[in-house]
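The analysis underlying the following values was restricted to heavy atoms, covering all of them including side chains, and did not include hydrogens, waters or symmetry mates. Both ligands and their constituent atoms are indexed starting at 1 by order of listing. Quick caveat: nothing in here was measured; it's all calculated off a predicted structure.
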Amino acid sequence: MFVEKLKCARCGEEHDPDEKVFYCSKLDGRLDIYYDYDAISSVLTKDELVRRKGGTWKYRELLPIKEGTRVVDLGEGNTPLIKCEDLGRAIGLRNLYAKDETRNPTWSFKDRPMSVGVAKGIEFGVKTAVIASSGNAAAALAAFCAKANIDCVTFVPHFAGAGKVAQLMLYGAKVVRLRWGEEEDPTVKMMLETSRKYGWYPCPSFGPFNPYQFEGNKTMAYEVCEQLNWEAPDWLFIPVGGGGLLAGNWKGFKEFKNLGFISSLPKIVAVQSTGCAPLVRAHEQGKGPFEIEPWGKPETIATGLEDPFPWDGDAALRAIRESEGTAVSVTNEEILEAQKMLAKEEGIFAEPSGVASLAGLIKLLERGVVDSGDLVVVEITGSGLKDPEVVSEHMGLPPVIEPKIEVVDSYLRELGA
Ligand SMILES: *Cc1c(COP(=O)(O)O)cnc(C)c1O
Ligand SMILES: [Zn+2]
C-alpha cells in the first residue's frame with residue numbers, strides 16, 4: 001500500500017495508515033489520504049495501465065487498500081465514454097461526451113466508492129456495515145456486502161425511490177426507512193448512533209465518516225483521462241449531493257497530472273437542484289470551505305442529490321475554485337427536459353439525479369460560459385430504472401387501446417406515426 005498518512009482536512013489531526021480508524025476523533029472533518037507518488041510512479045506507468053483489465057482495481061496502487069486484502073469485484077467501473085454527436089448538435093456543442101455510469105452493477109456510480117469501502121471493511125475484519133443514504137449508495141453497499149458476507153444495515157429516508165428500496169431488500173440488507181422531518185438529516189443521525197452503540201463499520205458516501213470509500217470516486221476521473229487518450233476535458237459537469245464524487249474526481253485528475261499522465265486539468269462544474277443547492281449558494285456568496293450552511297428544506301425530484309449538508313462540500317468548493325470552474329443549480333423542469341433529450345438523442349436512460357449534469361451544461365451554454373468548440377464531459381451518474389415513477393408521473397402513461405385496426409389507426413394518427 002502506498003498510503004503515507006491520514007490527516008483531518010479541518011483540524012490537522014494525523015493518523016498512521018495501519019490504524020483502524022474511520023474518522024477524526026473530533027468528528028469535524030474528513031481524514032484526507034496522502035500517498036507516496038514517487039513510489040507509485042516507479043510501478044505505475046501509462047503502458048502498465050494500458051495492459052491491465054478495466055475496473056476500480058486497475059488502479060490499486062492509488063487506492064488505500066493493503067496488497068494482500070481480498071477485494072470484491074462486481075464488475076464496477078470501466079464504463080463507456082460515449083461521444084454524443086446528436087445531443088451535441090441539438091444543444092450546440094461539437095465535442096460532447098457522456099460518461100455513462102448507469103451501467104454499473106447496481107446502476108449508479110456509487111459502486112466505485114462502495115467497492116473500496118467494502119474492501120477496507122474486509123481488511124478491518126468488520127461484521128456489520130451501516131449507511132445513511134437516499135438510496136444509491138445504500139444499494140451499492142448492500143450488493144458489495146452481500147458478496148463479501150458482511151451484514152448491512154441501511155437507513156434511508158421515507159422518500160427513497162421504490163427501485164432503490166427493492167434492491168436493498170433483495171441484496172439482503174436490513175432496511176430502515178426513516179421519516180424526514182424539519183431537523184437534521186435523520187439517516188446520518190441514526191447511522192452514527194448505531195455505529196457507536198454497536199461498533200458497526202460506517203460506510204456512507206461521505207468522507208467525514210469514511211475516508212476510504214471516497215478514494216473510489218477517483219477512478220472515474222482516471223478512466224475519463226484514458227478514454228480521451230491521456231487528456232483531460234476542458235469542462236467536467238458533475239451532479240452534486242454530498243460533494244464526494246466531485247471532490248474525488250478532482251483529486252483523481254490532479255494525481256494523474258502529478259504522475260505525468262495528463263498535461264492539463266479540467267474546469268469542474270458542480271450542478272445541484274434549485275430545491276437543494278447549499279454548495280451553489282456558498283460558491284455564489286464567496287463562502288469559505290468551512291462556511292457552507294445547510295439547506296433548510298430540500299425538495300427536488302433529484303432525490304440522489306438531496307443532501308441538506310454537503311459533507312464533502314469543503315473539498316468540493318476548493319475543487320471548483322482551484323479548477324476555475326463554477327457551480328449552477330437547475331429546476332425540476334430543466335432536469336426532466338435533459339432526461340428526455342439524453343434518452344431520445346443518445347439512447348441513455350438516466351435518473352433525474354444522474355442527468356442534472358446535462359441540465360447544468362445546457363444552462364451554461366445558454367449563458368455563454370461554455371463555448372461550442374470546448375471538449376465537455378457530462379457524468380451521467382445513475383440509471384433511470386432506479387426511479388421510473390418520475391417519468392410516468394410527469395409524462396403520464398399511454399391509454400389502453402382496443403386491438404382493432406380502425407381504433408389503432410386513429411390512435412397512431414394522433415401520435416403522428
Ligand atoms: C450520490 C449521487 C450523486 C452525488 O454524489 P455525491 O458524492 O453525494 O455528491 C449524483 N448522482 C447520483 C445518481 C447519486 O446517486
Ligand atoms: Zn479533525
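Of all atoms in ligand 1, listed by their number and element, those nearer than 4.0 Å to a heavy atom of Glu351 are 13 (C). Taking every heavy atom of Asn136 and a limit of under 4.0 angstrom, the matching atoms of ligand 1 come to 13 (C), 14 (C), 15 (O). Set against the non-hydrogen atoms of Gly304, the atoms of ligand 1 under 4.0 Å away are 1 (C), 2 (C).
At a cut-off of 2.8 Å, Asp28 coordinates the Zn ion (ligand 2) through an N, O or S atom.
Nearest protein heavy-atom contact of atom 4 (C) of ligand 1 is Gly241 N, 3.6 Å. Here the heavy atom of the protein found nearest to atom 5 (O) of ligand 1 is Phe109 CZ, 3.5 Å. Looking only at protein heavy atoms, the nearest one to atom 1 (C) of ligand 1 is Lys110 NZ, 1.4 Å. Closest protein heavy atom to atom 12 (C) of ligand 1: Thr381 OG1, 3.3 Å. Closest to atom 8 (O) of ligand 1 among all protein heavy atoms lies Gly242 N, 2.8 Å.
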Checklist line | Steps toward side-chain contact (heavy atoms from CB on, under 4.5 Å) verdict (Val71, Ile122) | finding: CA-CA 8 Å; Val71 300; Ile122 295 171; over 6 Å; no
Notebook entry, point to check: Stepwise, does the side chain to side chain donor-acceptor pair (under 3.5 Å) test hold for Tyr171 with Gln167?
Noted result: CA-CA 6 Å; Tyr171 292 139; Gln167 271 186 291; 3.3 Å; yes
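When side chains are defined from C-beta on, Phe144 counts as touching Asp111, because their heavy atoms get closer than 4.5 Å. Between Leu178 and Pro157 the shortest side-chain heavy-atom distance does not fall below 4.5 Å. For the pair Val370 and Leu93, the minimum side-chain heavy-atom distance is below 4.5 Å.
Taking the ring centre of Phe253 as origin, the terminal cationic atom of Lys257 falls outside the region bounded by 6.0 Å and 45° from the ring axis.
Judged by distance alone, the side chain of Arg30 and the main-chain N or O of Phe214 form no donor-acceptor pair under 3.5 Å.
By the 3.5 Å distance cut-off applied to N or O atoms, Gly382 is not counted among the residues near ligand 1. Checked by distance only, ligand 1 and Gly243 come closer than 3.5 Å through their nitrogen or oxygen atoms.
A salt bridge is absent between Glu379 and Lys99; no separation between the charged side-chain nitrogens and carboxylate oxygens falls under 4.0 Å. Under 4.0 Å is where a charged nitrogen must lie from a carboxylate oxygen, and between Glu215 and Arg112 no such pair does.
The shortest separation from a heavy atom of Pro239 to ligand 1 is under 4.0 Å, placing the residue in contact. Not close to ligand 1: Ser108, with no non-hydrogen atom less than 4.0 angstrom away. Under a 4.0 angstrom heavy-atom cut-off, Phe206 registers as lying outside contact with ligand 1. Under the 4.0 angstrom criterion for non-hydrogen atoms, Val240 is in contact with ligand 1.
Ring to ring, Phe309 and Phe206 are not that close: their centroids are 6.0 angstrom or more apart.
The parts of Leu245 lying near ligand 1 are both backbone and side chain, judged by heavy-atom distances below 4.0 Å. The side chain of Leu305, and not its backbone, has at least one atom closer than 4.0 Å to an atom of ligand 1 (non-hydrogen atoms only; side chain from C-beta on).
Rounded to 10 degrees, the SG-metal-SG angle spanning Cys8 and Cys24 at the Zn ion (ligand 2) equals 120°.
Phe261 and Trp230 get closest at one heavy-atom pair: O-CB, 3.5 Å.
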